[in-house]
Student: 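Next up is a structure, given as structure tokens.
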Amino acid sequence: MTAIRLLLVDDDPLVRAGLSFMLGGAEDIEIVGEAADGGEVEALVDRTRPDVVLMDIRMPTVDGLTATESLRRREDAPQVVVLTTFHADEQVLRALRAGAAGFVLKDTPPAEIVAAVRRVAAGDPVLSPTVTRQLMAHAAGTGGPTRHTRARARVAALGDGEREVAVAVGRGLANAEIAAELYMSVATVKAHVSRILAKLGLNNRVQIALLAHDAGLLEETDTP
């Protein structure tokens, strides 16, 4: 088994020590480096080549949001999981829009943080349907008509099937649930998701969900 290479980024040494202790005990996770500020991240990523970066969002010099945006612009970008004390705020949303694969709360039980790292390394987002709905509610009213207009223009490139899948992703459904609801095979759903990502230049399912919300697609499905 190839171990998941993990980089820890948090300005609090006690938090880093706790994360290192809990995550380092997993047989399939190897902690390849630690950083105390977002400004150290790019050089560490170059040196250690992590698969996943667990990133504190609030740091005094270069915050996790700026570091995430910088990392996700790289061709060889590692997956980023945001570490935060808030379920939903504007900084978390901006990190997700920038390409973070999800977030975990700092008071999350250790086993769940380990599971989150494994999920992201496998290509799955760390957002439950409940959390997705919370984020969508928090995003309501942010960005205004300009964001809505831009999002509508982008989703216009999608075919009917891709649009249906995008809406389902926006509702927080997993591939198997989407397949059952839309009478598709799971393989077809995965193909649609891949095409949506490619057509719209998105990084992951979280960004599909946010774009579907921005474009007003979720409200359309709620209209009687």
Side-chain angles (χ1 to χ4, degrees), residues 4-23 29 31-46 48 50-74 77-110 112-121 124-128 130-143 147 172 202-211 213-214:
I4 299 164
R5 298 174 62 82
L6 178 67
L7 175 64
L8 302 177
V9 186
D10 195 295
D11 64 322
D12 187 333
L14 291 178
V15 172
R16 291 201 311 275
L19 289 170
S20 181
F21 178 77
M22 79 171 72
L23 293 162
I29 296 175
I31 297 173
V32 295
E34 297 183 15
D37 189 78
E40 305 169 23
V41 171
E42 291 247 34
L44 261 177
V45 166
D46 286 336
T48 62
D51 302 305
V52 178
V53 178
L54 191 56
M55 180 91 73
D56 186 17
I57 204 165
R58 289 174 173 80
M59 291 177 284
T61 306
V62 177
D63 63 26
L65 172 62
T66 302
T68 296
E69 290 173 337
S70 179
L71 278 184
R72 294 304 301 173
R73 286 194 291 266
R74 298 166 60 114
Q79 297 294 336
V80 176
V81 179
V82 170
L83 192 62
T84 181
T85 54
F86 297 94
H87 273 285
D89 69 2
E90 186 57 30
Q91 282 192 301
V92 173
L93 281 166
R94 283 180 60 194
L96 295 173
R97 293 187 195 281
F103 69 90
V104 292
L105 301 179
K106 288 192 175 183
D107 60 359
T108 298
E112 292 183 24
I113 295 182
V114 171
V117 169
R118 288 172 176 154
R119 285 189 61 186
V120 167
D124 296 323
V126 185
L127 283 181
S128 69
T130 300
V131 171
T132 300
R133 285 192 292 272
Q134 289 174 340
L135 284 168
M136 296 304 105
H138 186 80
T142 64
R147 173 170 285 161
L202 302 176
N203 287 298
N204 55 42
R205 295 168 70 97
V206 177
Q207 289 188 329
I208 294 175
L210 290 169
L211 186 64
H213 173 272
D214 290 344

Student: Would you say that more than 12 heavy atoms from the other residues, nucleotides or ligands in this model lie under 6.0 Å from the CZ of Arg5, or not?
Tutor: yes
Student: Specify the closest pair of heavy atoms between Glu69 and Ala98, including all atoms of both residues, with the distance to one decimal.
Tutor: CG-CB, 3.4 Å
Student: Treating Glu112 as the side-chain partner and Thr108 as the backbone partner, does any N or O pair qualify as donor plus acceptor under 3.5 Å?
Tutor: no
Student: Using 0.5 Å steps for rounding, measure from the CG atom of Leu65 to the CG atom of Leu96.
Tutor: 10.0 Å
Student: Can you check whether Val15's main-chain N or O pairs, donor with acceptor, with Asp10's side chain at less than 3.5 Å?
Tutor: no
Student: Can you see which heavy atom on Pro60 is nearest to which on Asp11, and at what distance?
Tutor: CD-OD2, 3.5 Å
Student: Could you work out, with side chain to side chain donor-acceptor pair (under 3.5 Å) as the rule, every residue matching Arg16, not counting sequence neighbours?
Tutor: Glu34
Student: Could you pull out all residues at least two apart from Thr48 that satisfy side chain to side chain donor-acceptor pair (under 3.5 Å)?
Tutor: none
Student: Checking Thr84 against Leu105 for the side chain to side chain contact (heavy atoms under 4.5 Å, CB included) test, could you report, in this order, the C-alpha distance in whole Å, the side-chain angles of both residues, the deciding distance, and whether it holds?
Tutor: CA-CA 5 Å; Thr84 181; Leu105 301 179; 4.0 Å; yes
Student: For Asn204, which residues count as a side chain to side chain donor-acceptor pair (under 3.5 Å) partner, sequence neighbours excluded?
Tutor: none
Student: What's the shortest heavy-atom distance between Phe103 and Val92, and which atoms?
Tutor: CD2-CG1, 3.6 Å
Student: What closest approach, in Å, do Val53 and Pro78 show between heavy atoms, and which atom pair accounts for it?
Tutor: CG2-CG, 3.8 Å
Student: List the residues meeting side chain to side chain donor-acceptor pair (under 3.5 Å) with Asp46, not counting sequence neighbours, and say none if there are none.
Tutor: Arg74
Student: Go through the structure and list residues passing salt bridge (charged side-chain N to carboxylate O under 4.0 Å, His left out) with Glu40, not counting sequence neighbours.
Tutor: none
Student: Just to verify, what does Arg72 make a salt bridge (charged side-chain N to carboxylate O under 4.0 Å, His left out) with, not counting sequence neighbours?
Tutor: none
Student: Is the side chain of Asp63 donor-acceptor paired with the backbone N or O of Arg58 at a distance under 3.5 Å, no angle test?
Tutor: no
Student: What pair of heavy atoms forms the shortest contact from Ala67 to Val41, and how long is it?
Tutor: CB-CG2, 4.4 Å
Student: List the atom of Asn203, the atom of Gly99, and the distance in Å for their closest heavy-atom pair.
Tutor: ND2-CA, 3.7 Å
Student: Is there a side chain to side chain contact (heavy atoms under 4.5 Å, CB included) between Ile113 and Leu23? Walk through the geometry before answering.
Tutor: CA-CA 8 Å; Ile113 295 182; Leu23 293 162; 4.0 Å; yes
Student: Applying side chain to side chain contact (heavy atoms under 4.5 Å, CB included) to Val104 and Leu54, what does each step give before you reach the verdict?
Tutor: CA-CA 9 Å; Val104 292; Leu54 191 56; 4.1 Å; yes
Student: Might you work through the side chain to side chain contact (heavy atoms under 4.5 Å, CB included) test for Asp12 and Asp56, ending with a clear yes or no?
Tutor: CA-CA 9 Å; Asp12 187 333; Asp56 186 17; over 6 Å; no
Student: Is it true that Asp214 and Arg97 make a salt bridge, defined as a side-chain N closer than 4.0 Å to a carboxylate O?
Tutor: yes
